[in-house]
Amino acid sequence: MIVIYRNGQRTALTGWRAWLLIAAAAVIAVVVGSLLLGVALTLFSLFLFSLPLAILLGLIMALVQPR
């Protein structure tokens, strides 16, 4: 049973409506969690490959730069 208070009135959701609300909340949680995991993995991969490349290019530019 899910109890919702609106404007001082108590509304109780029972039966299939409560299960439907719980299932919708679970689906939303899984979708949001998957999106956040995808963003985290994308940023991690970006930093994992771009940071050493930036350091290497910086060292090469330091060696090539005229003094």
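Scope of the values below: all heavy atoms of this structure, side chains included, with no hydrogens, waters or symmetry mates.
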Solution key, residues 52-63 side-chain donor-acceptor pairs under 3.5 Å, sequence neighbours excluded:
none

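- Hydrophobic clustering (ILVMFWY, side-chain heavy atoms < 4.5 Å, transitive): Met1 and Tyr5 are in one cluster.
- Using a 4.5 Å cut-off between side-chain heavy atoms of Ile, Leu, Val, Met, Phe, Trp and Tyr, with links allowed through other members, Val39 and Leu46 fall into different hydrophobic clusters.
- Interatomic distance, CG of Leu48 versus CG of Leu43, reported as 12.0 Å (0.5 Å rounding).
- Scanning all heavy atoms of the two residues, the minimum distance from Ala18 to Ile2 falls at O-CD1, 3.8 Å.
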Side chains of residues 25-36: which donor-acceptor pairs under 3.5 Å do they make with residues two or more places apart or in other chains?
{"unit_1": "Ser34", "atom_1": "OG", "unit_2": "Val30", "atom_2": "O", "d": "2.9"}

**Study point:** Step-by-step side-chain contact (heavy atoms from CB on, under 4.5 Å) determination, Thr11 to Arg6
**Key:** CA-CA 8 Å; Thr11 304; Arg6 284 186 290 182; 4.1 Å; yes
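- Taking CG of Leu13 as the start and CG of Leu21 as the end, the distance is 6.5 Å to the nearest 0.5 Å.
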